[in-house]
Novice: 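This is the structure I have questions about; it appears just below.
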Amino acid sequence: MSQVDLDTSIGYALKRATTALRSAMDERLRALDMTVSQYSSLELLAHRPGLSNAELARGVFVTRQATHQLLAGLTREGLVDIVGTGRAQRLHVTARGVERLERASAAVADVERTMIQSLSEQDRQSLRRSLKACAEALGEQHPLP
């Protein structure tokens with residue numbers, strides 16, 4: 001017999017919300033010829049230019065191997081520049097990347113607005129604090145801004 005009551009499980013509710021968010025983001029970003037991983041990479045690099053490949057991988061929740069494939073596509077499209085070699089490589093969003101990011105970021109912000117539209121500002125702040133506390137309780141080691 002299961003120990004988890006799906007009707008009251010925070011983890012299950014969080015997974016449902018995460019899956020719905022990812023699906024909505026996929027749909028909106030597909031129209032812009034972009035994946036969620038590409039968007040996440042550009043957004044993170046725009047906020048924290050000069051990250052290494054490993055830092056980017058942790059920040060967008062993919063393996064370092066997946067980051068290599070992701071970066072290959074982003075550099076091929078002229079959206080990201082790689083400066084340096086080896087462990088000294090640092091990643092930066094190009095001007096073209098910033099243009100693509102602006103459209104993608106607006107689409108993702110619209111998805112998030114839709115997701116939280118029924119919540120009061122107080123509820124939004126409480127949810128943000130609670131999710132942060134949950135991540136920290138489980139040992140999140142690389143928090144994003």
Side-chain angles (χ1 to χ4, degrees), residues 4 6 8-145:
V4 175
L6 294 182
T8 61
S9 171
I10 299 296
Y12 185 69
L14 183 58
K15 181 61 176 174
R16 284 187 60 215
T18 301
T19 300
L21 175 62
R22 176 67 184 244
S23 179
M25 288 173 62
D26 279 337
E27 183 179 326
R28 291 294 301 273
L29 291 170
R30 191 176 308 114
L32 300 172
D33 196 30
M34 187 177 288
T35 67
V36 172
S37 294
Q38 289 171 326
Y39 159 73
S40 298
S41 296
L42 291 175
E43 192 74 72
L44 185 57
L45 289 173
H47 283 80
R48 297 172 65 186
L51 290 178
S52 68
N53 290 11
E55 291 167 329
L56 179 64
R58 284 190 299 271
V60 297
F61 311 105
V62 299
T63 65
R64 287 182 12 193
Q65 294 80 7
T67 303
H68 290 292
Q69 292 178 327
L70 182 60
L71 286 173
L74 292 171
T75 56
R76 186 174 47 252
E77 291 184 43
L79 305 178
V80 170
D81 277 333
I82 300 174
V83 178
T85 59
R87 292 188 185 270
Q89 277 188 346
R90 295 294 175 246
L91 310 170
H92 301 272
V93 178
T94 64
R96 183 173 182 193
V98 169
E99 289 175 12
R100 291 278 304 276
L101 176 58
E102 287 174 356
R103 292 190 303 274
S105 190
V108 169
D110 187 50
V111 167
E112 186 171 321
R113 276 190 297 276
T114 299
M115 179 179 69
I116 62 172
Q117 70 186 357
S118 67
L119 301 177
S120 70
E121 182 57 33
Q122 182 178 356
D123 287 343
R124 292 173 191 180
Q125 290 176 10
S126 178
L127 178 60
R128 195 176 303 109
R129 280 191 308 271
S130 295
L131 291 173
K132 181 179 177 188
C134 288
E136 290 170 355
L138 293 175
E140 179 189 49
Q141 298 191 11
H142 304 287
L144 296 177

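Each residue takes its place number in the sequence, starting with 1.
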Novice: What closest approach, in Å, do L42 and G97 show between heavy atoms, and which atom pair accounts for it?
Specialist: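 So the minimum-distance heavy-atom pair works out to CD1-O, 4.2 Å.
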Novice: State, to 0.1 Å, how close D33 and Q38 come at their nearest heavy-atom pair, and which atoms those are.
Specialist: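 Heavy-atom minimum between the residues: O-OE1, 4.2 Å.
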Novice: Locate the shortest heavy-atom distance separating I82 from L91; write the atom from each residue and the value.
Specialist: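 Minimum heavy-atom separation between I82 and L91: CG1-CD2, 3.6 Å.
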Novice: How far apart are the closest heavy atoms of R48 and L51, and which atoms are they?
Specialist: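 The answer is O-CG, 3.1 Å.
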Novice: I would like to know whether Y39 and V108 meet side-chain contact (heavy atoms from CB on, under 4.5 Å); could you show each step before the answer?
Specialist: CA-CA 9 Å; Y39 159 73; V108 169; 3.7 Å; yes
Novice: Mind jotting down which residue pairs meet the salt bridge (Lys or Arg N to Asp or Glu O under 4.0 Å) criterion with at least one end in residues 15-27? Sequence neighbours excluded, please.
Specialist: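 Residue pairs with at least one partner in residues 15-27: R22-D26.
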Novice: Look at atom CD of E112 and say whether more than 12 heavy atoms of other residues, nucleotides or ligands are closer to it than 6.0 Å.
Specialist: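 For E112, atom CD is not crowded (no more than 12 foreign heavy atoms under 6.0 Å).
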Novice: Distance from R124 atom CZ to Q117 atom CD, nearest 0.5 Å?
Specialist: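 One finds 8.5 Å between CZ of R124 and CD of Q117.
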Novice: Minimum heavy-atom separation for S41 to V60, with atom names?
Specialist: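 Minimum heavy-atom contact is N-CG1, 3.6 Å.
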Novice: How many angstroms lie between CZ in R64 and CD in E55, if you round to the nearest 0.5 Å?
Specialist: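 Output value for this atom pair is 11.0 Å.
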Novice: Rounded to the nearest 0.5 Å, how far does NE2 of H92 lie from CG of D81?
Specialist: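 If we round to the nearest 0.5 Å, D81:CG and H92:NE2 are 8.0 Å apart.
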Novice: Has S23 got a side-chain atom pairing as donor or acceptor with T19's backbone, closer than 3.5 angstrom?
Specialist: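 No, because the side chain of S23 does not come within donor-acceptor range (under 3.5 Å) of the backbone of T19.
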Novice: Should L101 and E43 be marked as a side-chain contact (heavy atoms from CB on, under 4.5 Å) after you check the CA-CA gap, both sets of side-chain angles, and the distance that decides it?
Specialist: CA-CA 7 Å; L101 176 58; E43 192 74 72; 3.6 Å; yes
Novice: If you count the non-hydrogen atoms of other residues, nucleotides and ligands that lie under 6.0 Å from CD in E121, is the total more than 12?
Specialist: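 More than 12 within 6.0 Å, yes.
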Novice: Rounded to the nearest 0.5 Å, how far apart are CG of N53 and CZ of R58?
Specialist: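 Between atom CG of N53 and atom CZ of R58 there are 11.0 Å.
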Novice: Is the number of heavy atoms from other residues, nucleotides or ligands within 6.0 Å of CG (L6) greater than 12?
Specialist: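 Buried by this count: over 12 neighbours within 6.0 Å.
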Novice: Please report, to 0.1 Å, the donor-acceptor pairs under 3.5 Å made by any side chain of residues 68-80, with sequence neighbours excluded.
Specialist:
unit_1 : atom_1 : unit_2 : atom_2 : d
T75    : OG1    : L71    : O      : 2.8
T75    : OG1    : A72    : O      : 3.1
E77    : OE1    : R100   : NH1    : 3.1

Novice: Would you compute the distance between atom CG of L56 and atom CG of L45 and round it to the nearest 0.5 angstrom?
Specialist: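 L56 CG to L45 CG: 5.0 Å, rounded to 0.5 Å.
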Novice: Given side-chain contact (heavy atoms from CB on, under 4.5 Å), test K132 with R129 step by step and report yes or no.
Specialist: CA-CA 5 Å; K132 181 179 177 188; R129 280 191 308 271; 5.7 Å; no
Novice: First locate atom OG1 of T67, then atom CZ of F61, and finally report the distance between them rounded to the nearest 0.5 Å.
Specialist: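 CZ of F61 is found 12.0 Å from OG1 of T67.
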Novice: Any idea which heavy atoms bring R113 and A106 closest together, and the distance?
Specialist: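 Looking at all heavy atoms of both residues, the closest pair is NH2-O, 4.3 Å.
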